[in-house]
Amino acid sequence: MGSHRPQRLDMPSYHPRVAIVTGAAQGIGLSIAQHLARDGIDIAVNDIPSKALQIQQVVDEIKKTGRNAIAIPADITSEEEVKAMVETTARELGSVDIMIANAGIVRMSSFLETTMEDFDAITAVNFRGVFLCYQYAAKQMIKEGHGGRIIGASSCAGKEGLINIAVYSGTKFAVRGITQTAAKELGEHGITVNAYAPGMIATAMIGVVVDTQKSPEREAQLAAARKLMGLPPNTQSAEPGVVGNVVSFLCKPESHFITGQTISVDGGLVFS
């Protein structure tokens with residue numbers, strides 16, 4: 001066991017009211033935003049500016065459930081934009097209790113053919129972007145003094161490297177590292193820091209673009225993704241909601257004794 005600062009994870013003033021969810025226009029981020037809204041949490045919906053219409057659609061959907069929501073198009077690789085996103089959320093929704101650093105990208109290529117352009121683009125979003133979201137959310141939570149929940153997106157590829165996604169795998173291992181360090185440093189402020197590590201989740205990120213469940217086209221897309229990443233043909237897949245359920249629990253006050261963990265949500269693909 002490593003030494004670290006004394007923990008104060010059961011801060012009684014923590015009450016989840018407002019969450020920022022990055023990459024929330026679709027896929028896992030959308031599912032997380034929907035789950036948290038059903039839990040009674042107001043949502044700052046973030047994604048890249050080019051998805052402004054989709055962001056607004058998510059906001060409108062959440063408002064129909066009776067929760068408040070705001071649209072914050074922003075590039076999480078920009079320190080200034082992340083800072084503004086956090087400040088805007090605190091000003092317009094009243095606080096920042098939860099940060100879900102979900103946004104990520106993948107570009108598939110063999111290790112030998114990976115370009116530095118791809119390397120820089122992937123690390124900018126998946127590592128730098130997550131770090132900035134963790135850092136600025138933590139600063140705001142400490143300022144507000146009520147504790148909080150910071151949760152980031154790792155991957156099964158952040159526990160075991162997969163072929164054709166070397167840089168993506170590297171960034172997801174990195175998320176586990178900063179999650180552990182942040183958990184050690186922020187516990188004294190009543191802030192827990194965790195990550196989720198999805199496996200084969202049927203989203204556009206892995207090339208699944210057909211919405212109809214179990215259609216021949218959808219199954220072909222999943223099979224192609226498994227082959228490209230070197231996964232067994234029988235590797236299970238699931239819908240984004242399985243991740244939303246896990247994140248929902250991690251945001252609750254009852255989860256205060258879980259921190260520094262990267263929780264696999266992969267149907268048993270990786271045991272670690």
Side-chain angles (χ1 to χ4, degrees), residues 19-38 43 45-48 50-55 57-58 61-62 73 76 100-109 118 121-122 125-127 129-130 133 151-160 162-165 167-169 171-172 175 195-248 250 262-270:
I20 299 172
V21 184
T22 70
Q26 61 186 21
I28 291 173
L30 171 59
S31 176
I32 291 170
Q34 291 169 331
H35 273 77
L36 296 184
R38 287 197 292 270
I43 311 293
V45 181
N46 161 264
D47 216 306
I48 54 177
S50 63
K51 294 183 179 179
L53 180 59
Q54 290 171 266
I55 296 170
Q57 289 172 341
V58 177
E61 177 188 333
I62 291 171
I76 63 163
I100 311 296
N102 168 77
I105 64 170
V106 64
R107 296 181 181 180
M108 296 188 181
S109 62
D118 284 346
I122 296 166
V125 177
N126 296 4
F127 187 20
V130 171
C133 288
I151 302 170
S154 183
S155 168
C156 64
K159 295 192 172 186
E160 178 180 331
L162 300 179
I163 65 170
N164 292 320
I165 52 171
V167 181
Y168 178 86
S169 289
T171 61
K172 297 305 184 176
V175 168
Y196 48 91
M200 283 285 294
I201 306 298
T203 66
M205 176 175 278
I206 64 167
V208 178
V209 294
V210 176
D211 292 332
T212 306
Q213 294 190 28
K214 296 185 178 180
S215 69
E217 296 89 351
R218 180 188 177 87
E219 293 307 308
Q221 290 163 356
L222 288 167
R226 293 185 189 101
K227 183 176 181 180
L228 193 58
M229 292 183 285
L231 296 173
N234 63 346
T235 298
Q236 295 186 64
S237 64
E239 301 307 305
V242 298
V243 181
N245 281 323
V246 170
V247 173
S248 170
L250 290 175
T262 298
I263 299 174
S264 295
V265 191
D266 64 6
L269 182 61
V270 176

remark   = CD1 of I43 to CD of E61, rounded to nearest 0.5 Å, is 11.0 Å
ask   = Does any non-hydrogen side-chain atom of V130 lie less than 4.5 Å from one of N126?
value = no
key: Spatial distance of atom CZ (R226) from atom CE (M200) [nearest 0.5 Å]   = 4.5 Å
query = Taking C-beta and beyond as the side chain, do I263 and L250 meet within less than 4.5 Å on heavy atoms?
reply = yes
task = Determine whether V242 and Y196 make a side-chain contact, defined as any pair of heavy atoms from C-beta on separated by less than 4.5 Å.
result = no
request  = Return yes if some donor-acceptor pair links the side-chain N/O of D266 with the main-chain N/O of C156 below 3.5 Å, else return no.
outcome  = no
remark   = When every non-hydrogen atom of A157 is compared with those of I165, the smallest separation belongs to CB-CD1, 3.9 Å
ask   = Is S237 reaching over with its side chain to a backbone N or O of A202, donor-acceptor style, under 3.5 angstrom?
value = no
ask   = Would you say L30 and P240 make side-chain contact, with heavy atoms under 4.5 Å?
value = no
ask   = Do side-chain atoms of S264 reach the backbone of A197 as a donor and acceptor pair under 3.5 angstrom?
value = no
request  = Could you grab the distance from atom CG of L36 to atom CD1 of I62, nearest 0.5 Å is fine?
outcome  = 9.0 Å
inquiry  = If you compare all heavy atoms of I76 against all heavy atoms of C133, which two are closest, and at what distance to 0.1 Å?
reply    = CG2-SG, 4.1 Å
inquiry  = Strictly distance-based, threshold 3.5 Å: is any side-chain N or O of K159 a donor or acceptor partner for the main-chain N or O of T262?
reply    = yes
inquiry  = Has N102 got a side-chain atom pairing as donor or acceptor with T22's backbone, closer than 3.5 angstrom?
reply    = yes
query = How many angstroms lie between atom CD of Q236 and atom CD1 of I201, to the nearest 0.5 angstrom?
reply = 10.5 Å
ask   = Just wondering, do I55 and N46 contact through their side chains at under 4.5 Å, heavy atoms?
value = no
inquiry  = Using the rule side-chain contact (heavy atoms from CB on, under 4.5 Å), only one of S248, S31, P198 pairs with V243; which is it?
reply    = P198
message = Quick one, V21 and V45 - any side-chain contact, counting heavy atoms below 4.5 Å?
response = no
request  = For V175 and A195, work out which heavy atoms get closest and say how close.
outcome  = CG1-CB, 4.2 Å
side-chain contact (heavy atoms from CB on, under 4.5 Å) assessment of Q26 paired with T203 = CA-CA 8 Å; Q26 61 186 21; T203 66; over 6 Å; no
remark   = CD1 (I122) and NZ (K172) are apart, to the nearest 0.5 Å, by 10.5 Å
query = So do the side chains of M205 and Y168 get within less than 4.5 Å of each other, counting heavy atoms only?
reply = yes
message = How long is the straight-line distance from CG of L228 back to CD1 of I163, given to the nearest 0.5 Å?
response = 7.0 Å
task = Walk me through it: do V167 and D118 pass the test side-chain contact (heavy atoms from CB on, under 4.5 Å)?
result = CA-CA 8 Å; V167 181; D118 284 346; over 6 Å; no
